[in-house]
Number of protein chains: 2
Amino acid sequence: MKLTELVNDKKEAGLLTSKFLTIDHEKQQRILNAAIKEFAQKGYANASTNEIVKEAGISKGLLFHYFKNKKELYLYLYNHFVNVLKNEFFGEINLQDRDIFVRLKAVTMLKSQLIKKHPDVFNFMMSAYQESSVEVKSELDQRHRELLQTSYGTVFDNIDTEKFKKDIDITRAINIISWTLEGFSNQAMERERLAKHSQADFTYDFSEADVYIEQLKVLFYK
Amino acid sequence: MKLTELVNDKKEAGLLTSKFLTIDHEKQQRILNAAIKEFAQKGYANASTNEIVKEAGISKGLLFHYFKNKKELYLYLYNHFVNVLKNEFFGEINLQDRDIFVRLKAVTMLKSQLIKKHPDVFNFMMSAYQESSVEVKSELDQRHRELLQTSYGTVFDNIDTEKFKKDIDITRAINIISWTLEGFSNQAMERERLAKHSQADFTYDFSEADVYIEQLKVLFYK
DNA sequence: TCCCAACTGACCAAACTGGTCAATAATTTT
DNA sequence: AAAATTATTGACCAGTTTGGTCAGTTGGGA
């Protein structure tokens with residue numbers, strides 16, 4: 001998954017950022033990554049463009065050659081990574097399979113991988129969701145609803161409800177399943193963060209997640 | 001629950017903050033609340049003492065009359081609120097009842113109330129847990145382990161395992177129950193945050209939480 | 001050679017930083 | 001009432017950082 005590298009929707013450019021899109025690809029990445037990292041850590045208002053250019057290894061002038069000001073940079077980043085997630089992330093979910101466990105496991109694993117491989121992208125999107133700066137807040141809201149609809153909307157769409165025992169409240173059951181998988185992956189990642197053994201022994205997590213899934217199937221399925 | 005107001009453990013004062021403890025109680029609260037809010041929002045390094053004194057309605061000099069510098073203020077806050085939580089929050093949990101549902105429901109509701117009534121206290125503790133500033137990080141670690149032990153240690157201690165069906169893996173079942181209640185309360189609070197109807201219709205949340213608990217009991221208990 | 005874009009970094013005024021301290025106000029002690 | 005003590009102020013400090021500019025250098029294509 002070459003996340004952050006594939007999307008090239010020219011529409012997202014507008015006219016103002018067109019210069020940025022023509023430059024060397026690797027330099028683009030350096031700038032994008034430096035910027036989301038800084039914005040994620042400090043929020044819009046407290047993020048420093050000086051830090052961004054230092055981290056990206058470019059001059060101050062160049063950044064403002066590509067983006068006319070801080071606000072335009074921020075909004076470009078937001079739109080860009082919303083597109084990235086929509087295409088590279090949620091596009092991966094197999095909607096053929098109508099089994100809720102298959103879908104949720106896929107989502108959970110994708111999310112874990114995202115956090116692990118591209119923590120800055122994840123943190124940036126989360127912090128953008130919480131962003132309180134009046135300067136940019138209003139512009140974000142619509143795109144956010146859009147993203148949530150694309151994602152959670154499709155995951156729970158057209159689930160096979162016939163598999164559940166007949167006395168089970170399906171909505172609540174799905175919630176329990178979701179929260180269990182979410183809680184499990186949070187725990188797994190926190191455990192790894194503390195232990196710092198960053199050798200990705202995904203294998204254990206995968207199989208342990210399956211134990212929970214099997215248990216939940218016994219509980220909820222016919 | 002007069003959280004933040006009751007603890008008066010003189011030991012936490014040391015000699016350095018003794019002045020602060022003698023002043024008017026309401027002013028103490030103003031300063032404490034202003035400080036944790038700022039630290040929670042921006043982290044140790046980026047928090048501004050100017051903002052704190054402005055919010056607290058005191059002069060710059062006075063803050064540094066009570067605390068010799070920013071670091072001492074931060075560490076005092078941390079210790080103070082660890083004590084507050086240990087005494088006012090975890091002290092509320094009834095350890096007589098050995099039923100996991102009773103305990104976890106109590107913890108979940110307590111946590112919800114904390115977030116609702118004292119969001120800054122909660123955010124401050126969370127941000128302190130993530131704090132990365134080398135200046136204060138090391139001092140926090142021990143107290144944190146202490147707090148986690150006091151809290152999660154006792155909640156899961158001496159649970160009545162006889163109530164579970166005999167083919168159930170109890171550790172995993174408890175995890176599922178915990179994650180469900182956590183997920184539920186997160187969802188409830190997010191729903192409320194978006195709707196902004198801050199009339200606390202706790203009643204709905206309480207009864208809806210009970211529905212989940214009853215469902216889980218059917219699944220896991222004999 | 002010229003030309004134009006990419007690119008640099010010194011520079012700007014303004015804001016802000018944690019912290020100090022002499023002066024004033026309020027309270028207590030004599 | 002005077003004196004002594006304590007609480008409180010906010011102007012001030014030197015230093016850093018802010019978002020943004022712009023005159024000028026570089027490098028590649030014609």
Side-chain angles (χ1 to χ4, degrees), chain A residues 13 15-32 34-78 131 133-136 139, chain B residues 13 15-32 34-78 131 133-136 139:
Chain A
L15 293 167
L16 299 165
T17 52
S18 55
K19 267 178 220 143
F20 179 69
L21 293 176
T22 67
I23 66 170
D24 180 57
H25 195 81
E26 182 260 338
K27 187 188 270 188
Q28 260 187 55
Q29 294 304 311
R30 262 165 37 221
I31 296 171
L32 291 177
I36 56 169
K37 189 173 166 185
E38 178 72 7
F39 280 121
Q41 275 173 12
K42 308 199 187 152
Y44 176 76
N46 289 99
S48 160
T49 53
N50 292 315
E51 283 298 313
I52 293 172
V53 299
K54 198 196 297 174
E55 171 99 11
I58 60 168
S59 69
K60 189 77 170 291
L62 193 53
L63 181 68
F64 287 95
H65 178 63
Y66 296 141
F67 304 95
K68 79 167 193 247
N69 55 33
K70 193 183 178 182
K71 182 176 174 179
E72 193 190 286
L73 168 62
Y74 186 85
L75 293 175
Y76 172 80
L77 288 172
Y78 185 75
E131 184 59 55
S133 262
V134 281
E135 271 202 86
V136 293
E139 264 106 336
Chain B
L15 293 167
L16 299 166
T17 52
S18 53
K19 265 178 222 144
F20 179 69
L21 294 176
T22 67
I23 66 171
D24 180 56
H25 196 81
E26 182 261 337
K27 187 188 269 186
Q28 260 188 55
Q29 294 304 312
R30 263 164 37 220
I31 296 170
L32 291 177
I36 55 170
K37 189 173 165 185
E38 178 72 8
F39 280 122
Q41 275 171 12
K42 308 199 186 152
Y44 176 76
N46 289 100
S48 160
T49 53
N50 291 314
E51 284 297 314
I52 293 171
V53 299
K54 197 196 297 172
E55 171 100 10
I58 61 167
S59 69
K60 188 77 170 291
L62 193 54
L63 181 68
F64 287 96
H65 177 64
Y66 296 141
F67 303 95
K68 79 168 196 243
N69 55 33
K70 193 183 178 183
K71 182 177 174 180
E72 192 191 286
L73 168 62
Y74 186 85
L75 292 176
Y76 172 80
L77 288 172
Y78 185 76
E131 184 57 56
S133 262
V134 281
E135 270 202 85
V136 293
E139 264 107 335

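Just so it is clear, the structure is predicted and the values come from calculations on it, not from any experiment. Each chain gets a letter, A, B and so on, in the order its sequence line appears, and its residues count up from 1.
Checked against side chain to side chain donor-acceptor pair (under 3.5 Å), B/Glu135 has no partners two or more places apart in sequence or in another chain. Taking the side chain to side chain donor-acceptor pair (under 3.5 Å) definition, one finds that A/Glu51 meets it with A/Lys54, sequence neighbours left out. Residues meeting the salt bridge (Lys or Arg N to Asp or Glu O under 4.0 Å) test with B/Lys42, sequence neighbours left out: B/Glu38. In this structure, B/Asn69 has no side chain to side chain donor-acceptor pair (under 3.5 Å) partners at least two apart in sequence or on a different chain. Applying the salt bridge (Lys or Arg N to Asp or Glu O under 4.0 Å) test to B/Lys70 and every residue at least two apart in sequence or in another chain returns nothing. Contacts of A/Phe64 classified as ring-ring contact (aromatic ring centres under 6.0 Å, His included), with partners at least two apart in sequence or in another chain: none. Remark: A/Lys27 pairs with no residue by the side chain to side chain donor-acceptor pair (under 3.5 Å) rule, at least two apart or across chains.
Rounded to a whole Å, the NE2 atom of B/His65 is 7 Å from the P atom of D/dT8. Separating the CZ atom of A/Phe64 from the P atom of D/dT18 is a distance of 11 Å, rounded to the nearest angstrom. Look at CG on B/Leu63: it is 15 Å from P on D/dG10, rounded to the nearest Å.
Taken over five-pair windows at either terminus, the axes of the helix from C/dT1-D/dA30 to C/dT30-D/dA1 are inclined to one another by 10° (rounded to 10 degrees).
Taking the six-membered ring for Trp and thresholds of 30 and 60 degrees, A/Tyr76 and A/Phe67 have ring planes inclined between 30 and 60 degrees apart. By the 30° and 60° cut-offs, the orientation of the rings of B/Phe39 relative to B/Tyr44 is parallel.
Along DNA chain C, read 5' to 3', the first and last nucleotides having any atom under 4.0 Å from a heavy atom of chain A are C/dA6 to C/dG9.
Minimum interatomic distance between A/Gln28 and A/Ile23 (heavy atoms only, all atoms of both residues): NE2-O, 3.5 Å. Minimum heavy-atom separation, B/Ala56 to B/Ile31: CB-CA, 3.9 Å. Scanning both residues, B/Leu77 and B/Ile36, for their nearest heavy atoms gives CD2-CG2, 4.0 Å. For the residue pair A/Lys60 and A/Thr49, the shortest heavy atom distance occurs at CE-OG1, 3.6 Å. Of all heavy-atom pairs between A/Ala34 and A/Ile52, the closest is CB-O, 3.7 Å.
Using a 4.0 Å cut-off on heavy atoms, the residues of residues 37-49 of chain B that approach DNA chain C are B/Ala47, B/Ser48, B/Thr49, listed by number. Residues of residues 50-58 of chain B that place a heavy atom closer than 4.0 Å to DNA chain C, in numerical order, are B/Asn50.
Heavy atoms of B/Lys27 sit under 4.0 angstrom from primed sugar atoms or phosphate atoms, though from no base atom.
With hydrogens and angles ignored, a donor-acceptor pair closer than 3.5 Å exists between the side chain of A/Lys60 and the base of D/dG19.
Applying the 4.0 Å criterion to OP1 and OP2 of D/dT8, one finds that B/Tyr66 has a side-chain N or O inside that range.
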Protein-nucleic acid N or O pairs under 3.5 Å, nucleotides 26-30 of chain D:
none

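The distance from the CD atom of B/Gln41 to the NZ atom of B/Lys37 is 6.0 Å, given to the nearest 0.5 Å. Taken from OH in B/Tyr74 to CD in B/Glu139, the straight-line distance is 11.0 Å, to the nearest 0.5 Å.
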